[in-house]
Amino acid sequence: MNTAFPSRLYSRHAVKTGLACALAYGISSLLGSPYPVWAVISSIVAMQNPSVAESVQASVQRFTGMALGAMAGIALSLVFTHPENILWIGCIIFVVNGAGAYFFRYGARYMLASIAATIVLLVGHIQAHSTVQAATHFGLTLIWEIALGVGLATAVSMLLWPVRLGDTLKDDLRKQYEMVVDHLNAIAKAYAANQTLSPKILEDLIQKLLRNRDRLTAASRHEAFLYNEDISILDNRIVTLNRSVTILRILLDALDDGDENERRPVMPDKVSAVVAQLDNAICRYGVTGSPADPAVHDGMATAIETCRAAMEQLYHEDSRDIPTRSLVRAVSFFRLLNQLATMYQPETILHKTGEAGA
């Protein structure tokens, strides 16, 4: 089930799906098509997802796959003109569907192509009195019906209550940055209390991260030509979020460094102060995606300064009476928090290049 959208959008999506199917059936029937069912089915498949990008993606995938398969079915019918030979037909169907299953790794359109080719072949086989003519007529009609169905679905998706995948991705990224802040505060509290936390607390957030890149790719490919969307800003937000979660994972490891009796929290008030300075800045970045935003820039700059002052104090003033493991743990914390804050600065390489492959 796709849960990336607010539940209120699904009632609208239900209306849009019903409308696309009704239009597909009505127009196909008015044009005298003997197979309006294929236009309706194509509309249903293309409207499986509420967003414009996913609707366009499903439409393109279904049309290219089924059209390729229909043409292959027609070609095979021209070559094998003896449908009464069940063994031949069985062997052809075996090869066609085996190939479709094998090439499915490269995209669902190949499986759709094998399905279409099989349908065209079987229609020719059933209507044995005119094999090639039946297969050719049905194959061309199938292509036309699919084009009609996916075209109407795409038009309805774009014109009636359009749902932009880019907008929903922005909202989800904002929520994920808030989750980063929540985990950061939990880690700071555990540090002050000399406790540890399980790395499993990040599992839900990590699962969400895995879907972000695919959704950005879909928005870039299928919505960029319709809407004025700055994909590079979204890309930077995803890259920065992934790196922030990486630092959270390292902080969790540092939290669990050594036995409880061998460590004690050092400067827990300073750690809490840095996290408090990071909180609003990270949440703000999750909304704007701009490191130049004053709230982001000032918050991160303050956090960096606090981290540097704390490390300077550890190196020169307080380190003599601190157990070695506790000192290493404290320095690791401040270094990681400093690295987290630096990542959000506008002058970093990340925001200059918008590296997409990270």
- Approximate separation, where rounding is to 0.5 Å, of N242 CG and L205 CG: 9.0 Å
- Would you mind reporting whether I146 and V150 have side-chain heavy atoms less than 4.5 Å apart? yes
- Message: Between D172 and R215, does the salt bridge (Lys or Arg N to Asp or Glu O under 4.0 Å) criterion hold? Intermediate values first, please.
- Response: CA-CA 11 Å; D172 284 348; R215 294 165 66 194; 2.9 Å; yes
- Item | Non-hydrogen atoms of M47 and A20 that approach each other most closely | CG-CB, 4.2 Å
- Message: Is the shortest side-chain heavy-atom distance between I233 and T288 below 4.5 Å?
- Response: no
- Do L68 and L76 belong to the same hydrophobic cluster, where Ile, Leu, Val, Met, Phe, Trp and Tyr are linked whenever their side-chain heavy atoms lie under 4.5 Å apart, directly or via other members? no
- Interatomic distance, L278 atom CG to C307 atom SG [nearest 0.5 angstrom]: 7.0 Å
- Over 60° means perpendicular and under 30° means parallel, so classify the ring planes of Y106 and Y110, tilted if in between. perpendicular
- Task: Using a strict 4.0 Å threshold on nitrogen-to-oxygen distance, state whether R249 and D253 make a salt bridge.
- Result: no
- Would you mind reporting whether L140 and I74 have side-chain heavy atoms less than 4.5 Å apart? yes
- Query: Measuring from D279:CG to R284:CZ, what's the distance to the nearest 0.5 Å?
  - Reply: 15.5 Å
- Task: Would you confirm whether S114, through its side chain, and M111, through its main-chain N or O, come within 3.5 Å as a donor-acceptor pair?
- Result: yes
- Under 4.5 Å between side-chain heavy atoms, hopping through other hydrophobics if needed: is there a path connecting W38 to V120? yes
- Query: Under the salt bridge (Lys or Arg N to Asp or Glu O under 4.0 Å) rule, what pairs show up with a residue in residues 176-194, not counting sequence neighbours?
  - Reply: R174-E178
- Main-chain N/O of F334 paired with N338 side-chain donor or acceptor, under 3.5 Å: no
- Query: Should the ring pair Y177 and Y285 be called parallel, tilted or perpendicular, given that the plane angle runs from 0 to 90° and is split at 30 and 60?
  - Reply: perpendicular
- Closest non-hydrogen contact found for A192 with P265 is O-CG, 3.6 Å
- Message: For a 4.5 angstrom cut-off between non-hydrogen side-chain atoms, does I247 reach M343?
- Response: yes
- Task: Using a 4.5 Å cut-off on heavy atoms from C-beta on, say whether the side chain of L327 contacts that of V266.
- Result: no
- Message: Could you check whether atom CE of M71 has more than 12 heavy atoms from other residues, nucleotides or ligands sitting under 6.0 Å from it?
- Response: no
- Y191: partners by ring pair (Phe, Tyr, Trp, His ring centres under 6.0 Å), with sequence neighbours left out: F333
- Indicate if L160 and V56 have the same hydrophobic cluster label, given that clusters are the connected sets of ILVMFWY residues with side-chain heavy-atom separations under 4.5 angstrom. no
- Message: For a side chain to side chain contact (heavy atoms under 4.5 Å, CB included) check, start with the C-alpha distance between K175 and K208, then their side-chain angles and the critical distance, and finish with the verdict.
- Response: CA-CA 10 Å; K175 295 175 182 177; K208 295 179 186 297; over 6 Å; no
- Task: Given side chain to side chain contact (heavy atoms under 4.5 Å, CB included), test R62 with R109 step by step and report yes or no.
- Result: CA-CA 6 Å; R62 178 166 178 79; R109 60 170 53 89; over 6 Å; no
- Can you hop from L314 to V328 via hydrophobic side chains spaced under 4.5 Å? no
- Does I93 offer a backbone N or O that forms a donor-acceptor pair with the side chain of T118 under 3.5 Å? no
- Query: Measuring from L340:CG to I282:CD1, what's the distance to the nearest 0.5 Å?
  - Reply: 4.5 Å
- Remaining members of Y25's ILVMFWY cluster at a side-chain heavy-atom cut-off under 4.5 Å? V40, I44
- Can you establish whether the number of heavy atoms outside Q339 located under 6.0 Å from its atom CD is more than 12? no
- Any side-chain heavy atom of R213 sitting closer than 4.5 Å to one from V239? yes
- Task: Check G299 against A281 and note the closest heavy-atom contact, atom names and distance.
- Result: CA-CB, 4.1 Å
- Query: Nearest heavy-atom pair of H137 and P34: which atoms, and what distance?
  - Reply: CE1-CG, 4.3 Å
- Message: Could you tell me if the side chain of V274 sits less than 4.5 Å from the side chain of K270, heavy atoms only?
- Response: no
- Item | F103 six-ring centre to R105 NZ/CZ under 6.0 Å and within 45° of normal | no
- Residue pair I143, M66: steps toward the side chain to side chain contact (heavy atoms under 4.5 Å, CB included) verdict: CA-CA 7 Å; I143 294 173; M66 296 294 280; over 6 Å; no
- Message: Taking V181 as the starting point, is it possible to reach V287 by hopping between hydrophobic residues whose side chains are less than 4.5 Å apart?
- Response: no
- Query: Counting distance only, does the side-chain N/O of T64 pair as donor-acceptor with the main-chain N or O of Q61 below 3.5 Å?
  - Reply: yes
- Message: When you measure from the side chain of S157 to the backbone of S55, do you find a donor-acceptor pair of N or O atoms at a distance under 3.5 Å?
- Response: no
- Value rounded to 0.5 Å, distance of CD1 in I206 from CZ in R211: 12.5 Å
- Message: Can you tell me how far apart NE2 (H183) and CG (L202) are? Round to the nearest 0.5 Å.
- Response: 5.0 Å
- Close side-chain approach of M300 and H297, heavy atoms under 4.5 Å: no
- Would S244 and Y344 count as a side chain to side chain contact (heavy atoms under 4.5 Å, CB included) if you check the C-alpha gap in whole Å, the side-chain angles of each, and the deciding distance to 0.1 Å? CA-CA 10 Å; S244 298; Y344 289 80; 2.6 Å; yes
- So, for A188 and V271, which heavy atoms are closest and what is the spacing to 0.1 Å? CB-CG1, 4.3 Å
- Item | Least distance between heavy atoms, A70 atom then A116 atom | N-CB, 3.7 Å
